[in-house]
Amino acid sequence: MTHPTKRIARAELDRLFALLSEDARVVHGPTVRDGAIVDAPLASVSELPIGWTDQQAPGRYRLTRRDDAAVFGFVVGPSSPKPLFFPPEETLYRAERRADGKVGFVPVVPSPAPKALLGVRACDVAAMRIQDRVFRDREHREPRYAARRDDTIVVGVHCLAPGPLCFCASMGAGPRVGEGADLALAERLDAGGHIFLVEALTARGQALLSRLEGSEASDEELRWRDEALASAERSMGRTLDTAELPGRLYAALDHPRWEEIASRCLACGSCTSVCPSCFCSGSDDPSDLEGAHTSHTRHWESCFTSAHGELHGHTTRPRTSERYRQWATHKFGAWVSQMGQSGCVGCGRCIAWCPSGIDLVAEVRAIADGVSPVTMPVAREVTAPREESLVPRAATVLARTVESSDVVTLSLRMEPDGRRDFAPGQFHQLSLPGVGEAPISISGDDGAGVEHTIRAVGKLTEALCALRVGAQLGVRGPYGRGWPMDELAGGPVVVVAGGIGLAPLREALRRMLADPERYPDVRLFYGARTPEDLLYGRELLGWIDRPGFDLHVTVDRAGPTWRGHVGVVTRLLRPATVPASARAILCGPEVMMRFTVDALAKLGLPHTRQWVTMERHMKCATGTCGRCQYGPHFVCKDGPVFRFDEVSMLFGRHGL
Amino acid sequence: MGSEAHAPPARPRLGVFKLASCDGCQLTLIGCEDELLALSEKVDIAHFPEASSRTDVHGRFDVALVEGSVSAEWQREELLSIRERSKLLVTIGACATSGGVQALRNGKDVSEFVRAVYASPAYISTLDRSTPVSAHVSVDYELRGCPIDKHQLLEVLTALLVGRRPAIRDESVCMECKRRGNVCVLVAHGEPCLGPVVHAGCGALCPRFARGCYGCFGPKESPATAALAARLKELGVPAADLARRFRSISGGAPAFADEAAKQELEHD
């Protein structure tokens, strides 16, 4: 498609700059600082890196003088547009917890001056579109990102002389500036003079173009530009075959190269920080000394930190090899399943700015070339993004039931409307200002409030369990994919629970028992550590006489008064107790589910008739912090309930 | 309102102690200024000889902040007593956490140093090793740095008061450096920088001023010291120099001590 294109003189850039600055718009662009070309707010064209270029190699960047006055005669520096829209550190909301136990939450949404970005490379335009998908356009519309990103004018620059680390052509992101920019410049500096071809890609770009002094670009000039772009595409410093790359990488999870890379990788997080598309984040709740006033803050995190894999006080990816694998398989593999496109735009920053000089392209080729791909999940269709403020609402404790020595059930009234909408198996994010936030599965609807069964294992869960009737806390959600209630209807249903794993199953059980027509045959197999740890004892006893319900209970160890089974829950699963036609839903420790899945498979239940709940630290619960990734899945929104065949490739594997 | 009926709950008692150290970390607490006033309303600063003539040498404490390493026998005895009298013990700074710069003497002939340095060596009573607090008693929380960072100190105290986990990130200095938008001094200037293996907390202070990190916060979680040493050698840093870099302020931390020893072996 041909876009309207004008030829303007070099001096006309000043007018373009002035047009971009209209309406108090802040113009950001490249400039020289501290020995590199970085992005910064600019006051005039003279601050652009005129006559400068960069020399790049793995782990090495040097700024050098050109022998001409090219304005955009360099590739990309360490900074991308990312921090303009997704700041390295920001406050999402403020919260207070008053002396009377009431809580309040106030969202923090910026209202920044509109921006114009001048001189954005094709790779970075593509990266902005990827971040748009993560934060604004695909499933969620995060209001802070949107406030910074909406109404941004983007003036791209075609890359006519790619650097030795560039591979945007392989990633389909460049060198031609594509969708996402309003204008695209091509800089021409030769015997004929110093001019720019300015191409309008949007109506807004067209409006700007019409106000620039210049002539319509000639056929020769357009041909020159297209040939220069074609030549740039052929002269990329790196190339990567991306055909079926996700499946090839996931087929190579055990490749010895991951471990070899770990001998060079510093696990410092520089690569993910300079990456223009990496979006993973952590969050903290700094407070005043009373813990009464707190700010919920979000910061750039990296899959190279221990915190990113944190789960119940340990990390799921202790080894550097596992962290590097997480990064590479996410960037080139999981991303496609999550967002429908690769996370890499081929800018080469992670190669240049790796202090150790690790070449991601070379590593991925060494690992994935020639590997037969496995089948990857396909990204879900999404129609319209939902507003997602990430701010909790208040909820009030209606009832508090002590279930065992360290487990409490809280029934919560959601303020202000008392809504109780959720699907069995979904979870809420419960928070206490000053203490923190944690995902807690919903354990039921008691007719007045939404129940949450919480085990006191850390500071936050201890504080939640200690809440009294009338006290308030914060709630977000419900989130996640619950149990497949429709698919369970009709035939026998086997429910296997371990320990507190009964909590997310309870509401599913209640609904099935309340509807014997749809669920004529329900069998619960429940294992706990000791008889004292068995949850919902009275409720379970109330169920046992119901027709079409079977209860099998076992404990790991018991005192002399226990008359029931002792041993692991899988010992209860026998041909006599599990019909081969059953569907099974499982929740418990990963090791318990692993053995249970195998036992049920032997009894004739294929993986496609078994559902498990996965556990990773669901921190944002909206698929934007990256913490709960499990291979190509976000546990928070693709799960926590998975049909087993969706995760069987990953299940039981270390370091994911 | 009958407010007199509600006596305020007893404030937690805080003690600040010093072993072999320069007092700089205690100064960080004094340097909290505005926050210090608020803090003193929330906690009873019962023992803080650096700041107040009011001391309680033998009292019991909810939180003890301990600065300095164990370099002399009396310090070991005092430390055991502090631990015995304190519910929570938090080490503050590189000396208390990894032995400090005085751990440079570890493995050397200390009596020779004493003879060379002091006019009357007979007055000097010292152990031949400087050891961290954790080598002698259990430690509930360690704060890194030379000196510690004011914000991290306040975060730990606040978290202990409120009853939450302190938000102290065990990531690299690179993460802070990148969040601040600094240009990497190692990549752009070939400047030897320990940032990739060093625990965050300083706000990437040195790289902000175009200097390489010299590691005062000690090793981060999973420090890839061998990989960094190999890279710095490619940049032209000799083994002896590398050993000195790892041996400096946090040289007593095992990860740095081991890498320094490897480099010294290579140099010899």
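Letters go in sequence order (proteins before strands), and every chain restarts at 1. Note that these values count all heavy atoms, side chains included, but never hydrogens, waters or copies made by symmetry.
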Is it the side chain or the backbone of A/P318 that comes within 4.5 Å of chain B heavy atoms, both, or neither? backbone
Report the option among A/G59, A/G269, A/A57 that has the most heavy-atom pairs separated by less than 4.5 Å from atoms of chain B. A/G59
Heavy-atom pair with the smallest gap, counting every atom of B/A224 and A/C265: CB-O, 3.6 Å
Non-hydrogen atoms of B/L228 and A/L266 that approach each other most closely: N-CD2, 3.4 Å
Check: every donor-acceptor pair under 3.5 Å linking chain A and chain B:
{"residue": "A/R33", "atom": "NH2", "partner": "B/G181", "partner atom": "O", "Å": "2.7"}
{"residue": "A/D34", "atom": "O", "partner": "B/H189", "partner atom": "NE2", "Å": "3.1"}
{"residue": "A/G59", "atom": "O", "partner": "B/R231", "partner atom": "NH2", "Å": "3.0"}
{"residue": "A/Y61", "atom": "N", "partner": "B/V187", "partner atom": "O", "Å": "3.1"}
{"residue": "A/R62", "atom": "NH1", "partner": "B/V187", "partner atom": "O", "Å": "2.7"}
{"residue": "A/R62", "atom": "NH1", "partner": "B/A188", "partner atom": "O", "Å": "3.2"}
{"residue": "A/E89", "atom": "OE2", "partner": "B/R169", "partner atom": "NH2", "Å": "2.9"}
{"residue": "A/A267", "atom": "O", "partner": "B/K220", "partner atom": "NZ", "Å": "3.1"}
{"residue": "A/C268", "atom": "O", "partner": "B/S172", "partner atom": "OG", "Å": "2.6"}
{"residue": "A/D284", "atom": "OD2", "partner": "B/R169", "partner atom": "NE", "Å": "3.4"}
{"residue": "A/D284", "atom": "OD2", "partner": "B/R169", "partner atom": "NH2", "Å": "3.0"}
{"residue": "A/S287", "atom": "OG", "partner": "B/R164", "partner atom": "NH2", "Å": "3.0"}
{"residue": "A/E290", "atom": "OE2", "partner": "B/K42", "partner atom": "NZ", "Å": "3.2"}
{"residue": "A/H299", "atom": "ND1", "partner": "B/R169", "partner atom": "NH2", "Å": "3.0"}
{"residue": "A/H299", "atom": "NE2", "partner": "B/R169", "partner atom": "NE", "Å": "3.3"}
{"residue": "A/W300", "atom": "O", "partner": "B/R179", "partner atom": "NE", "Å": "3.0"}
{"residue": "A/W300", "atom": "O", "partner": "B/R179", "partner atom": "NH2", "Å": "2.8"}
{"residue": "A/S306", "atom": "OG", "partner": "B/D170", "partner atom": "OD1", "Å": "3.1"}
{"residue": "A/S306", "atom": "OG", "partner": "B/D170", "partner atom": "OD2", "Å": "2.9"}
{"residue": "A/R323", "atom": "NH1", "partner": "B/E221", "partner atom": "OE1", "Å": "3.0"}
{"residue": "A/R323", "atom": "NH2", "partner": "B/E221", "partner atom": "OE2", "Å": "2.7"}
{"residue": "A/P355", "atom": "O", "partner": "B/R231", "partner atom": "NE", "Å": "2.8"}
{"residue": "A/G434", "atom": "O", "partner": "B/R164", "partner atom": "NE", "Å": "2.7"}

Let's test your reading of the structure: which of A/G434, A/P88, A/C268, A/P83 forms the most heavy-atom pairs below 4.5 Å with chain B? A/C268
Toward chain B, the part of A/P58 with a non-hydrogen atom under 4.5 Å: backbone
Measure across A/G35 and B/A188 and return the closest heavy-atom pair with its distance rounded to 0.1 Å. O-CB, 4.2 Å
For B/V187 and A/P355 the tightest heavy-atom approach is CG2-CA, 4.1 Å
Could you tell me which portion of B/A230 (side chain, backbone, both or neither) has an atom closer than 4.5 angstrom to a non-hydrogen atom of chain A? neither
Spacing of B/L154 atom CG and A/L289 atom CG [to the nearest 0.5 Å]: 7.0 Å
Considering non-hydrogen atoms only, spot the tightest contact between A/A36 and B/V183 and give its length. CB-CG1, 3.7 Å
Tell me, side chain or backbone of A/V435 under 4.5 Å from chain B's heavy atoms, or both, or neither? both
Considering only heavy atoms, which portion of B/L39 lies under 4.5 Å from any heavy atom of chain A: side chain, backbone, both, or neither? both
For A/A267, is it the side chain, the backbone, both, or neither that has a heavy atom closer than 4.5 Å to a heavy atom of chain B? both
